[in-house]
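Notes follow once the structure below has been shown.
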Amino acid sequence: MNFAQIILPLNLKGTFTYKVPDELLGNFQIGMRVLVSFRGKKIYTGIVAEIHQNDPETFVPKEIISILDDSPILPKEQIDFWHWISEYYMCNLGEIYRLAFPSSLKLESETYLKLKPNVKVDFENLDVNEMYLIQALEVRQLINVTEIEAFIPKKDIVKTVKSLIDLQYIEIDEKIAEKYKAKEIAYLRVNEEELAGNSLPQILLSLKRSPKQQEMFLAILEKQTENPEKPIRKSEILDEGNFSHSQLKSLVDRNLVQEYFLQKDRLEAYQGEIEEIEKLTHEQLQAKKEIDEAFDEGRNVLLHGVTSSGKTHIYLEKIEEAVESGKNVLFLLPEISLTKQIVQRLEKKYGKELGFYHQKLTDFERVEVWRRIKNNDIKILIGTRIALFLPYQNLGLIVVDEEHDSAYKPREVSPFFNAKDATQMLSKFYAANLILGSATPSVESYYLAKKDKLKYVFLGERFGKVKLPEFELINFKEEQDSKKIIGNFSLKLIDEIKKELERKKQTMILHNRRGYANVIECETCGYVNYCSNCDVVMTYHKYSNEMKCHYCGQKASKPKVCPKCHSENLNERGVGVEQIHEEISRLFPDSEVDRMDVDSMRKKFAYEKLYEKIEEGETDIIVGTQMISKGLDFDNIELVAIPRADSMLYVQDFRAEERAYQLITQVSGRAGRISGEGKVLIQTYNPQHSVFQLIKENNSDKIYKHFLEERKKFLYPPFVKLIMIELKHRKEDKVNRSAQFLGSVLRKYLPEECILGPEKSPIGKLNLMYQYQILLKLPRGKKYSEMKNLVLQSLEEFDEITAYQSIKKMIFVDF
DNA sequence: AGCACGCCGACT
DNA sequence: GTCGGCGTGCTC
C-alpha cells in the first residue's frame, strides 16, 4: 500500500496523507500535482511532497483522484526550499504553495471535467448522479466542479466524479496549460505568388479605384522589401498608415496580401543590435577577480559598491559568463520598476531568453513564464521575491540587487520571509553562486561579510573616477535663532537651490513623509483626528483635500470646525512632502517644481510621465519621498537637499538609523553622477548626531562599525535572533488575555531575558483589529534551534486553548 | 483557511 | 415562529 504526503493550498499545518491508488503508481513522483478531495466536497490541486508506505493509524486516508502532470512540475530543489522556508520562518507549506503557484496551476473546485473520447456508456449500471453528470457532459464538453453542484448534492460530487473516472467514462481536463495558449499575433505579408505572376504595375492598376488599398499594399511591400526577415505586424501597418480593417480585408480577399499568425510570447523580444559592454575599469576588474575567486571556493559574495560604481557592469559580466557556461540566472530586484539599466543590456543580447516574473503579471503571463522556465527556454529571469519559486532547472547564479531593501521582507503578506536571506538557501539547494549587491548593505550582511561568512567585495570609486558627492550639514536651530529661515528652509539652502537653477541644473528634495500635515489638531481642546479603524492619527492631504489613514487607507473629509468643541482654531502640525512642495513652489515661482510620492503617482503612467519630464530637463526641482531614491538616474542632478532630516531618525525602530543612512546615501547617489559636482545638504536640528556626522565623513567602515556597536550594546541583530509574535483580535480584552497567556507559556520554557512583552503593538489597533506583540531575542548559533523548538512548543500549547483559536497569530522571524 | 454546525437576538 | 450573527470544530 502506497501513501503520499500532499501539500494543499490551505493555511494548515503540515501535509496530508492520501492513499495512492495502484493504477496511478506507474508514474507517480514527488513534485507532481494531484487532484484530491478535502472535507468531503472540495477538490484541490495538491503537490506530492513525499511517497511512503506507512498506513496512518488514526484515520483512514482518502485516495488521490488523479495525477495532473506527466513529470514533476516542481523540482526537488524547490521542495527542499519550501520545507526550509516553512521551518525557518514558522509558516505553513500551504501558504508557500499559494504564493508560489499561479492560480491556474492550482485549480481547485474550478477544475474541469470532460467525457473521454469514444466511450460507450453503460447507463444501466449508473446511479442517478452519475447519469446526470454524463448527460451534462454530453451537452457541454467541459464542466467544472462548482457547476456540478447545481445538479448533484455537494457531498456526492467527489464520489460521483471518482466513480466515473474509475469507470473510464470521464477524465480531468488535463489541458490546463492549453487553456493558456500563448498569445497569437497577426502579421501580414504580400502574397509572393501573386507578385510573381503579375507585374507590380499590373497589381497597382487593379487597385487604382481603391487608393487606400493601393497605398496599404505599397506600405506592406516596402516594409517587406526593406527587411524580408522581419515579420510585419498587422497592428503596425494599420496604425502607421491609418488604414481600416475593411481596407485590409479587401486586400486579403483579393489574395494580394496574406494574414498569418505567429505564437508570440507576451513578453516582447528586443530586436536590435547589441552593444559591447564598456570595458571594466581597473577597480571593477579587481572586484570581478575577487568574485571569481570566491565562487571558486564556493562562497557567496557581498558586493558593496558605492552609488554609480558600476555594480551593474559586474553583474552583467557574471551573468553572461554563467549563461555561456550553460547555466541559468536569477536576478532579483526589490521592485520590478527598477529594471531599466540591467534590462536594456540583457534584452538586446538575450531577447527571448530573458524572462520577467513579478507581482504585477496577470495569471496568464505567470503561467507562461512557468512553462518557459520548465522548458528551459529562459536563461535569465529578472524578478521580484516571488520569482524565487519558479521551477528552475539549472540555476547557476543568483544576483540580489539592492539587497538592503525592505521590499524583500514585506510585513503585509504571509508567508513572512526575507527573500534576500532565503536566496542564500536557494543558492545552496541549487549549488548556485550568489551575489548580494548594494551601495548600502544591510548591517546584517555587512556583519556576515566581516565575519567571512560572505566574501566582501568593495567598490569605493564611482565609475570613471567621478567624485562622490559632498555632504554639508546645516544647523537648522542656529539658522532659526538668527531668523535666517523661510518656513522649512534656511536661507543658505534656498541660496544653494537658486545657484543650481541659474546653472540650469536639477535639484532633488527628499522629505520622507506623505501628505501635507501629519495631524490636524484643535487648539482649543486638543482634539486630533483618529482613524476609526486604527489607532493612528489621520494625515491631512491638501492636494486631495482629505484626511487619510496611511495604514488602512480610510479617507475622511477635512474637518472645518473641531468635531468635539466646535472651535474653528484648527492647527496643522507636522510637515509632509506636500507642504515642502508647496513651499518650494512659492519660493521659486518661475521654476518647474514636481512632486513624486505614492499619492501623486497613483494615476496611470504618472510615474513614466514625470520620469520623461525630468529626463527632458523640463523639471527643475523634484520634491519627493523615498521614492526618489530609487531608479532615477539622471545626469543633470547636482544638488540633493534634505530639509528635515531629523524626521527619519526619530522613528521607534532599531533600524531607524540604518534606514536613514541608507536613504540619505541612496538619494545622494543621484547627485553629480557624471560631473562629480554633486552636493548634499542636510538640514538638521542636531548636526552633532553621530549618524549625520558619519554620513558626512562618508567612511562606510566607520558607519557600520557604529551600527554594529549599537546593535551589540542593545542586543539586536546580528547579535541576537529576533522573533516577533503578533496577536490580533477584534476584542481588545481577548487579545490582551491571550497575549498574557502566551507570554506566561513562553516564560515557562525560555529564560526571562529572552522575552519582551507582551505589550500593545506600536499601532495598537489596525483595521479594527487590536494587536499585541511579544518580542523574542534569542541567542545565535546552536542554541537558537533548540530555543526555537521551545517557541514552537509554546505556540502549540497556546493553540490547545480553544477560546484562543479565533486569535490571529503572526510570526515574524528575523523581521 | 474555509466551511458546516450550533446556539442566541431582531424581524419578514 | 425564522434569519443570521459569529464561536467552535475539523479537515488526510
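Throughout, protein chains are lettered first and strands after them, A, B, ... in sequence-line order, and every chain is numbered starting at 1.
Between Lys420(A) and Glu402(A), no side-chain nitrogen of the basic residue sits less than 4.0 Å from a carboxylate oxygen of the acidic one, so the salt-bridge criterion is not met.
Counting only residues at least two apart or in different chains, ring-ring contact (aromatic ring centres under 6.0 Å, His included) contacts with residues 790-815 of chain A comprise Phe416(A)-Phe812(A), Phe741(A)-Tyr804(A), Phe798(A)-Tyr804(A).
Contact between the side-chain N/O atoms of Lys731(A) and the OP1/OP2 oxygens of dG7(C) is found at a separation under 4.0 Å. Of the side-chain N and O atoms in Arg730(A), none sit less than 4.0 angstrom from OP1 or OP2 of dG7(C).
A donor-acceptor pair is defined here as one N or O able to donate and one able to accept, closer than 3.5 Å; such a pair exists between the side chain of Thr362(A) and the backbone of Glu365(A).
Residues that satisfy the ring-ring contact (aromatic ring centres under 6.0 Å, His included) test with Phe331(A), not counting sequence neighbours, are Tyr315(A).
Considering only side-chain atoms of Arg98(A), the nucleotide from dC12(C), dA1(B), dT11(C) that sits closest is dA1(B). Here the nucleotide nearest the side chain of Phe38(A), chosen from dT11(C), dA1(B), dG9(C), is dT11(C).
Look at CD1 on Ile64(A): it is 13 Å from P on dC12(C), rounded to the nearest Å. If you measure from atom NZ of Lys809(A) to atom P of dA1(B), you get 10 Å, rounded to the nearest angstrom. When rounded to the nearest whole Å, the span between CG of Leu8(A) and P of dG2(B) equals 13 Å. Put simply, CZ on Phe16(A) is 14 Å from P on dC10(C), counting in whole angstrom units. Residue Ile807(A) contributes atom CD1, which lies 14 Å from atom C1' of dT8(C) at whole-angstrom precision. Tyr44(A) has its OH atom 7 Å from the C1' atom of dA1(B), to the nearest Å. The OH atom of Tyr18(A) sits 11 Å away from the P atom of dT11(C) (whole-angstrom rounding). Distance CG (Asn92(A)) to P (dC12(C)): 16 Å, rounded to an integer number of Å.
Note on Lys13(A): nothing from the nucleic acid sits closer than 4.0 angstrom, heavy atoms only. Phe59(A) comes within 4.0 angstrom of a base, heavy atoms only. As judged by a 4.0 angstrom heavy-atom cut-off over every strand, Ser806(A) is placed among residues making no nucleic acid contact.
With hydrogens and angles left out, the side-chain atoms of Ser442(A) and Glu403(A) include a donor and acceptor closer than 3.5 Å.
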